[in-house]
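The chain is numbered in sequence order, starting from 1. Remember, it's 1-based here, ligands and their atoms both numbered in the order they're listed.
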Amino acid sequence: MAKVWSKRFDNTLNPFIEKFNASIGFDRKLFLEDLDCSIAHAKMLGKTNVLSSSETLEIINGLKLIKVEYLEGKFFPSPPSEDIHYCIEEKLISLIGETGKKLHTGRSRNDQVGTDIRLWLRKEIDNLEILITDLQKSFLNLAQSNIYTLIPGYTHMQRAQPLSLAHHLLAYLEMFQRDRERLKEVRSRVNISPLGSAALAGTKIKIDRKFTAAELGFEKIYKNSIDAVSDRDFCIEFVSASALVMSHLSKISEEIILWVTDEFSFAKLTDKCATGSSLMPQKKNPDVPELIRGKTGRVYGHLQALLTMVKGVPLAYNKDFQEDKEPIFDTAETLSSCVKAMTILINEGLEFNFENLSNSVENDFSNATDLADYLVSKEVPFRTAYQVVGEIVKYCLERKILFKNLKIDEFKKFHPEFDEDVFVDLEPFNVVKSRTSLGGTGFTQVEMEVKTWQKKLFP
Ligand code: ARG
């Protein structure tokens, strides 16, 4: 097929280089966005009288016909078209003839591709907003029914202090909320129109950039035509915000993987989300959280790729930028599928083992801080209380017993301020209940938080 390039070329491309140069294999994802961009551009050219009204109509109808053929599966963008932009232009010319050759008046593929990827990303971000909200809802539902379920809390992966399971789950709701806010902010920098910047310098053709921006739902237009065709910051920001969502998904994945081990036994995977081993019949594997954890690396890789892609590239458009697409396409796809998978896992993939959870918090020293705080309530300075409890822990460890197994006389040997009521304070339920500081795991705090989230997510 003859290229649309100018007649300055005498020879055709080396076939390998032709393939090497092409992006049609992946930028066909921008098909609908490219059509929308062209329709807005053609309308604008009609409005400014660069095109006559009949030419405008012919072009727009041609583009709409291409859309119908595409949606009906009758037209599939493919080589030898170099990219989606040429592909649609070539198709238009083949459909409506000479008038089709007027579509590219006053624009370049540089502002065109920039417009397409922004439209595509904006749609993806809107979709992610819905998916992450659904994920939050699944966490909230689980939290709601587990306010009074206790789970050991860890620091350094060592038993620290018992927690309300709901409090643990609500921590993720907070992270996902920040993720949504970040994506919303990114969206505001995606939603700026570069269209009409042409190759890099603007154009002498009478165009109306504000018109096309409004047609395409952009909030603003780029002020500088060179910046407009050079900016890929928004792609990096998108992948960066996505990488953070993945890091949160990976964190909960890792916790679930631990929870369902025989060693922890805090939960079991239901058959809906567990997979078997090809060899060992007894196994039930946490493939879903493992995959999410694994895919996190892939998104981090895309972030690195994009940062490196823009490094040292001079103004304005350089072909390096063709490499922006696969990372953002794959990031959006990976992220949305991981968010969906995690939502399903939280909704129907986990069964908590309540007996084991309550045994775990009963049989450790995670109430040691409370023993110290007990003395503090009797006016003992914290550092002294801390040392006293350290001695008691050692004493218990040597005898392989827990605080609750000590007699009150034994307690008193360590400090005279200990009294019978210490046993009440040591009970894990009371330990959790007592953490009433703002944002703490105390049940009243957690109940309040659950209510606040309910209002926010199920208004
Ligand atoms: N396929 C190209 C890309 O994705 C479109 C823009 C090409 N512009 C150019 N001046 N060669 O970046």
Side-chain angles (χ1 to χ4, degrees), residues 1-9 12-38 40-41 76-93 103-124 190 192-203 205 212 216 222 224-236 238-239 302 305-333:
M1 188 192 280
K3 290 275 170 206
V4 287
W5 300 331
S6 73
K7 298 226 183 273
R8 72 165 274 184
F9 288 89
T12 52
L13 262 180
N14 170 299
F16 183 84
I17 297 302
E18 179 164 3
K19 269 195 202 148
F20 183 72
N21 197 42
S23 54
I24 189 75
F26 48 87
D27 67 13
R28 56 167 73 111
K29 245 196 167 63
L30 300 173
F31 191 90
L32 294 174
E33 286 73 20
D34 197 72
L35 277 176
D36 288 344
C37 172
S38 288
H41 182 68
F76 186 71
S78 54
S81 291
E82 178 186 319
D83 61 24
I84 192 64
H85 324 294
Y86 278 144
C87 171
I88 290 177
E89 195 181 336
E90 285 154 5
K91 174 77 180 166
L92 181 71
I93 295 167
L103 170 64
H104 210 54
T105 312
R107 78 170 180 189
S108 149
R109 279 185 302 156
N110 298 351
D111 56 339
Q112 187 180 355
V113 70
T115 306
D116 292 1
I117 49 177
R118 282 170 180 85
L119 291 175
W120 186 88
L121 258 187
R122 191 179 68 189
K123 178 195 74 191
E124 288 298 316
V190 166
I192 307 175
S193 175
L195 195 59
S197 299
L200 79 167
T203 172
I205 305 286
T212 45
L216 295 168
Y222 274 86
N224 180 305
S225 62
I226 317 169
D227 178 40
V229 291
S230 307
D231 179 20
R232 291 296 182 272
D233 306 8
F234 66 97
C235 295
I236 297 177
F238 168 69
V239 179
H302 294 322
L306 287 178
L307 282 167
T308 314
M309 180 193 84
V310 296
K311 177 186 168 297
V313 174
L315 290 175
Y317 177 86
N318 295 271
K319 190 79 169 191
D320 311 47
F321 288 175
Q322 184 161 290
E323 289 292 307
D324 61 3
K325 285 164 207 66
E326 286 160 296
I328 60 169
F329 291 165
D330 189 68
T331 296
E333 198 179 318

Taking all non-hydrogen atoms of both residues into account, name the closest pair between Pro77 and Arg28 and its distance. O-NE, 3.0 Å
Less than 4.0 angstrom from a charged side-chain N to a carboxylate O is my criterion; do Glu89 and Arg107 meet it? no
For atom 11 (N) of ligand 1, what is the closest protein heavy atom, and at what distance to 0.1 Å? Arg109 NH2, 3.2 Å
Hey, which atoms in ligand 1 end up nearer than 4.0 Å to a heavy atom of Asp83? 1 (N), 2 (C), 5 (C)
Counting only heavy atoms closer than 4.0 Å, does ligand 1 sit against the backbone of Gln112, its side chain, both, or neither? neither
Would you call Glu82 a ligand 1 contact, heavy-atom distance under 4.0 Å? no
Check whether any side-chain heavy atom of Phe238 lies under 4.5 Å from a side-chain heavy atom of Val190, and answer yes or no. no
Parallel, tilted or perpendicular, as decided by the 30° and 60° cut-offs, for the rings of Phe20 and Phe16: parallel
Atoms of ligand 1, numbered as shown, that sit under 4.0 Å from any heavy atom of Ser23: 1 (N)
Within reach of ligand 1, part of His85 (heavy-atom separation under 4.0 Å): side chain
Does ligand 1 come near enough to Asn110 that some N or O of the ligand is less than 3.5 Å from an N or O of the residue? yes
Which residue holds the protein heavy atom closest to atom 4 (O) of ligand 1, what is that atom called, and what is the gap in Å? Lys325 NZ, 2.6 Å
So, using side chain to side chain donor-acceptor pair (under 3.5 Å) as the criterion, who are the partners of Asp27 when residues are at least two apart? Ser23
What residue and heavy atom of the protein are closest to atom 3 (C) of ligand 1, and at what distance? Tyr317 OH, 3.2 Å
In this structure, are over 12 heavy atoms from other groups packed under 6.0 Å from Lys123 atom NZ? yes
May I ask you to list the atoms of ligand 1 that are less than 4.0 angstrom from any heavy atom of Gln322? 1 (N), 2 (C), 3 (C), 4 (O), 12 (O)
Under the 6.0 Å and 45° cation-pi test, does Lys325 pair with Phe26? no
